[in-house]
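Everything on this sheet refers to the single structure shown next.
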There are 2 protein chains.
Amino acid sequence: MKRQKASSLADLSALAGVSISTVSRALADNPLVAVATRDKIKQLAREHDFQINVAARNFRLQRTGAVGVILPLGHETEQHLTDPFFMSLIASLADALADRGYDLLLSRVIPSNDQWLKAFVESGKVDGVIIVGQSDQIDVIETVAASYAPLIVWGASIPGYRQLTVGSDNFEGGRLAAQHLLSQGRKRLTFVGNPAVPEFAARFAGFNAAIAQAGVPQGAVLPSHVTAEAAYATVRTYLKEDAAPDGIVAASDVIALNALRAIADHGLRVPDDVAVVGYDDVFIAEQTTPPLTTIRQNFVLGAQMMVDLLFRRIAGEEAASVSLQPTLVLRASA
Amino acid sequence: MKRQKASSLADLSALAGVSISTVSRALADNPLVAVATRDKIKQLAREHDFQINVAARNFRLQRTGAVGVILPLGHETEQHLTDPFFMSLIASLADALADRGYDLLLSRVIPSNDQWLKAFVESGKVDGVIIVGQSDQIDVIETVAASYAPLIVWGASIPGYRQLTVGSDNFEGGRLAAQHLLSQGRKRLTFVGNPAVPEFAARFAGFNAAIAQAGVPQGAVLPSHVTAEAAYATVRTYLKEDAAPDGIVAASDVIALNALRAIADHGLRVPDDVAVVGYDDVFIAEQTTPPLTTIRQNFVLGAQMMVDLLFRRIAGEEAASVSLQPTLVLRASA
DNA sequence: ATCTTAAATGCAAACGTTTGCAAAACTTTT
DNA sequence: AAAAGTTTTGCAAACGTTTGCATTTAAGAT
């Protein structure tokens, strides 16, 4: 009993004694083909462990079977791809796409001119694009989004912009963080993070809103860059210069991590002297010393939403931006 | 002056008044076509910003233009994809592949049976496969590697196995770590990590070799799992039970991170009471409190080597496994 | 038995490329 | 000016699918 591998519909059609068309239809469960024929062909396909040529199919169907996931590395070139939050998001995206039989084409882009997205979209390598993080490329994205529907962005939904976004409510997240510190009776709050990043700007706005409502003095902002060294240096310097804050809201867990270190190096204790609230709840957040109280973004849900929206757009349907609610995760740092 | 987008060789051939074949050859710099013709066609292609249909080309050439990057999630299901080391490696792989015009197809696999790799390879979706981490799937990999050449593995090169590997010299890394602690006069060393993971086993062996050579008592091993909680709990328990070690070599930075926390929670100081050496030098290693002394694996070089070897294999050439030398990075923890 | 309708199958084109081979267009040699 | 060579171009097939349309086969109605 020979069980040669059948590697094309033609092979299979020869084995079954029917035409290629019939085989194609049978495997696709097309009701046009008789049940008996269909079963026979499927059985044969199993026996000869037939795997359809995906490239040929996609070619014929004029699609690619892949979705591009792009990380624009705008202001913080080194940081992005290794950022645990983005990685977690990508992992979840890979899963969500795999569920639909699509592949994930990973691409990181350092925007050199404002044509990079257009070029990528027109390269025909993907059926849709997911951009992870708006970076400083909102306007570039907006331009392309105007004429290219299957494009989803992880980031902030900004009034007046039409790009389809999925993101957590950064304002609310910032508010939650500040409110938590305020509720502990802390009064000298500082926000660490670069407000030029749109996500961070929203978090900062929420932070300020909470402070305003509580009626304590306006908090300071330390416009730190996202890189590790920058965050550390910023906090370190701040602690030396200024009256010490009793609470820090960091724009990301990575920044918080470095704030923890700067505070420790300055001889202060967390959370006794200074409380720290992070943002993202990346997997190392519970492993820091002390473990980080932080604002959790649900990246599994986020990834699913993005993929959902993307396929709706690919199918030509309407879809609206989604905002996910962040939650406060209590650990030891605040 | 109309500048419609030309979307196929046919479009372009109509514009240039030559045949499709000539256009194809011209764009490929085939010397068969006259220089003047070639220049004209190339100019036209630029003007109408022609992008060749990659799918069609790959289909015709019977290749996919993609390389699969697989993360087998054997013993440590949750840990892998978010592990900063793997992510860094993947990022570098994406770059190295992009340089060669290849795409990266990300796939994470939870091995349910021993057919997963065979199925993936035979799916025809990729021209080659890079497996990141052997996990507990060495034998599965070995079976497929016997008949499928374009397969490269990040991991340990084990005598008797023929799979083509790129990896850092884990034995040497473990030795370096232990030696560093011994050179500080520390005498009670402990290794934290699960030796069932092949990479970790080699690191442990190097660790033991250094101890044997120094003539101090044999170090203890704490076969911790890689997950955060497990590592923390293991070290915490150990510190309570036993005479405290004065040096810990962790099998990874993530483990080291948790060791730091366990030590701090136990009321001991790093490095004064217990020194800690990590492994990998992931990006958070310099951001912990205190920053980690660790063994660096050069993932950029590693990724390039893997891609190099892969393309040699795809081209049908011979290639041999590569072992990279790890280096000790001195920071504050040891 | 013949005609009509329905169900099942097959034919052939198309997707956009690359490439072996044949043909055409130039060059050089005689 | 024809023959022989050389360079340049074009024809057509092929890669493995899917699918509109035509055709065959089976079933039902008269």
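These numbers were taken from a predicted model, which means no experiment stands behind them. Below, read A as the first sequence line, B as the second, and so on, with proteins coming before strands; counting in each chain starts at 1.
With A:D114 contributing its side chain and A:V140 its backbone, the two residues share no donor-acceptor pair below 3.5 Å.
Put simply, CG on A:L12 is 13 Å from C1' on D:dT17, counting in whole angstrom units. Atom pair A:L9:CG and C:dC11:C1' shows a separation of 15 Å (rounding to whole Å applied). Between the CG atom of A:N53 and the C1' atom of D:dG16 there is a distance of 6 Å, given to the nearest Å. For the pair A:I20 CD1 and D:dC15 C1', the computed distance is 12 Å after rounding to whole Å. Residue B:N30 contributes atom CG, which lies 14 Å from atom P of D:dT7 at whole-angstrom precision. In this entry the distance linking CD of B:Q51 with P of C:dG16 reads 15 Å, nearest Å. Rounded to an integer number of Å, the gap from CG of A:L61 to P of D:dT17 is 12 Å. Summarising the geometry, the separation between CZ on A:R63 and P on C:dA14 is reported as 22 Å, rounded to the nearest angstrom.
Considering only the side chain of A:V33, C:dT9 comes nearest among C:dT9, D:dT9, D:dT19. Among the nucleotides C:dT17, D:dT19, C:dG10, the one closest to the side chain of A:V18 is C:dG10.
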Assess the residue pair B:M306 and B:L309 against the criterion (side-chain contact (heavy atoms from CB on, under 4.5 Å)); give the C-alpha distance rounded to whole Å, side-chain angles, the decisive distance to 0.1 Å, and a yes or no. CA-CA 5 Å; B:M306 293 176 81; B:L309 292 189; 6.0 Å; no

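Here A:I52 lies in heavy-atom contact (under 4.0 Å) with sugar-phosphate atoms only. B:L32 comes within 4.0 angstrom of a nucleotide base, judged by non-hydrogen atoms across all strands.
Among all heavy-atom pairs drawn from B:A303 and B:A96, the shortest one is O-CB, 4.4 Å.
Neither OP1 nor OP2 of C:dC15 sits under 4.0 Å from any side-chain N or O of B:S8. Look at B:Q62 and you won't find any side-chain N or O under 4.0 angstrom from OP1 or OP2 of C:dT17. Taking only side-chain nitrogens and oxygens, B:S19 never comes nearer than 4.0 Å to OP1 or OP2 of D:dT9. Residue B:T22 has a polar side-chain atom (N or O) positioned under 4.0 Å from OP1 or OP2 of D:dG10. Residue B:S21 has no polar side-chain atom (N or O) positioned under 4.0 Å from OP1 or OP2 of D:dC11. When the side-chain nitrogen and oxygen atoms of A:R25 are compared with OP1 and OP2 of C:dT9, none of them lie within a distance under 4.0 Å.
Ring-to-base geometry places B:F59 in a stacked arrangement with D:dC15 (centre distance under 5.5 Å, plane angle under 30°).
A:L106 is listed as a side-chain neighbour of B:I90, based on a closest heavy-atom distance under 4.5 Å. With a 4.5 Å cut-off on side-chain heavy atoms, A:L117 and A:Q137 do not count as touching.
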